[in-house]
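Below you'll find the structure, written out as structure tokens, and then a few comments.
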Amino acid sequence: MTYRLLFALLAISLTACSSTLKRTPSTNTAATLNSEQALRIQYLGVGGHIISVGERHVIAAPSFTNPHFLLSGPFMPLSSDHDKVDRYMPKVPNAEMLLVGHAHYDHLLDVPRVATQQAPNVRIYGSQTTVNTLSAALDPDRLVAMNTIMASGSTPGQWLYNQQRDVRIMAIESGHAPHIAGIKFMSGTVPKPLSDLPWHSFGWKEGQTLAFLIDFLDASGNIQHRVYYQDAASQAPLGLLPQLADNKRVDVAILCPASFSQVEDYPEAIVRDTGARHFILGHWEDFFANDLEGEQRFVRLTDEDEFIQRLEQSMPDDSRWVLPALFTTYTFEPTS
Ligand SMILES: [Zn+2]
């Protein structure tokens with residue numbers, strides 16, 4: 001297959017073995033890389049990533065419970081598998097930010113466990129629906145709703161910083177493709193804080209879907225790395241970048257092949273708009289009851305070859321892409 005060939009040609013450095021058995025963050029074994037300044041992105045499956053520079057980490061909401069398809073329907077009891085989360089989620093105690101693109105169960109169900117066990121110092125940034133849903137499990141001080149400060153169209157949103165002010169994030173108004181045949185499940189919002197977490201999948205409502213820009217900054221406030229992240233295929237112009245004065249090119253854009261054929265011009269619109277140096281395909285595996293240590297299949301009802309062909313046709317000549325194996329870390333050199 002095309003992507004297997006491309007794997008070998010990628011200019012980016014693969015610092016972990018490609019084994020799907022990897023359970024913990026990979027160590028940087030590439031001697032040529034400046035580990036303090038390099039950007040590292042570890043794929044955790046579904047929408048989950050740990051995005052790091054040195055000891056600075058931003059987490060994109062992971063999913064490990066991954067129930068069987070039949071248990072994902074309405075009114076089938078569903079709860080986070082804490083043992084599984086504890087086994088597979090790396091410990092990231094100094095992470096301050098955890099980003100949630102939308103509030104469906106495959107993005108949010110395991111977040112309360114992660115936020116109490118593996119990443120106890122994160123605040124969670126997402127939609128008001130994400131905040132209202134998680135209010136049942138986490139201190140409201142740790143939940144940040146981005147709806148009123150997200151970028152919309154060409155208008156930038158508000159940057160929010162970590163304590164050291166060397167990492168910042170901006171939410172972007174985005175969208176969520178229908179799941180199949182133009183039908184989207186679990187849509188809608190949660191207008192008020194919940195007192196109990198939803199007990200079945202259809203209680204985990206989408207809310208406002210967001211994309212994010214993540215900047216890592218040097219001591220002078222210059223952008224070292226810029227990452228674009230989305231966890232759902234969006235119908236442009238939703239998800240496109242706002243107009244930013246810095247004109248910084250996106251270094252890595254994390255895209256979402258799942259359900260891409262349900263929207264027009266995806267991934268082309270995002271690929272052209274971000275013009276990223278590297279594209280990572282997230283949320284690509286069929287996660288229903290998947291074995292996190294086994295071979296992963298591409299998400300069902302999705303044409304992998306078509307997605308890759310359209311990505312390759314629309315990306316800049318100097319860009320590369322990768323379909324990461326679970327728990328693999330990729331490392332990217334700084335460009336300036
Ligand atoms: Zn979703």
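As the structure is a computational prediction, the values presented were derived from the model and not from experiment. Start at 1 and go down the list; that is how both ligands and their atoms are numbered.
- For the pair Asp215 and Arg168, the salt-bridge criterion is met [side-chain N within less than 4.0 Å of a carboxylate O].
- Less than 6.0 angstrom separates the ring centroid of His107 from the ring centroid of His283.
- Between Phe288 and His68, the ring centre distance reaches or exceeds 6.0 Å.
- The count of protein N, O or S atoms under 2.8 Å from the Zn ion (ligand 1) stands at 3, with waters excluded from the count.
- For Asp106, the salt bridge (charged side-chain N to carboxylate O under 4.0 Å, His left out) test picks out no residue, with sequence neighbours left out.
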Would you be so kind as to tabulate the donor-acceptor pairs closer than 3.5 Å made by side chains of residues 193-201, with sequence neighbours excluded?
unit_1 : atom_1 : unit_2 : atom_2 : d
His200 : ND1    : Phe75  : N      : 2.9
Ser201 : OG     : Ser72  : O      : 2.4
Ser201 : OG     : Gly73  : O      : 3.2

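- Screening residues 238-274 for ring pair (Phe, Tyr, Trp, His ring centres under 6.0 Å) gives Phe260-Phe307 as the qualifying pairs, with residues at least two apart or on separate chains.
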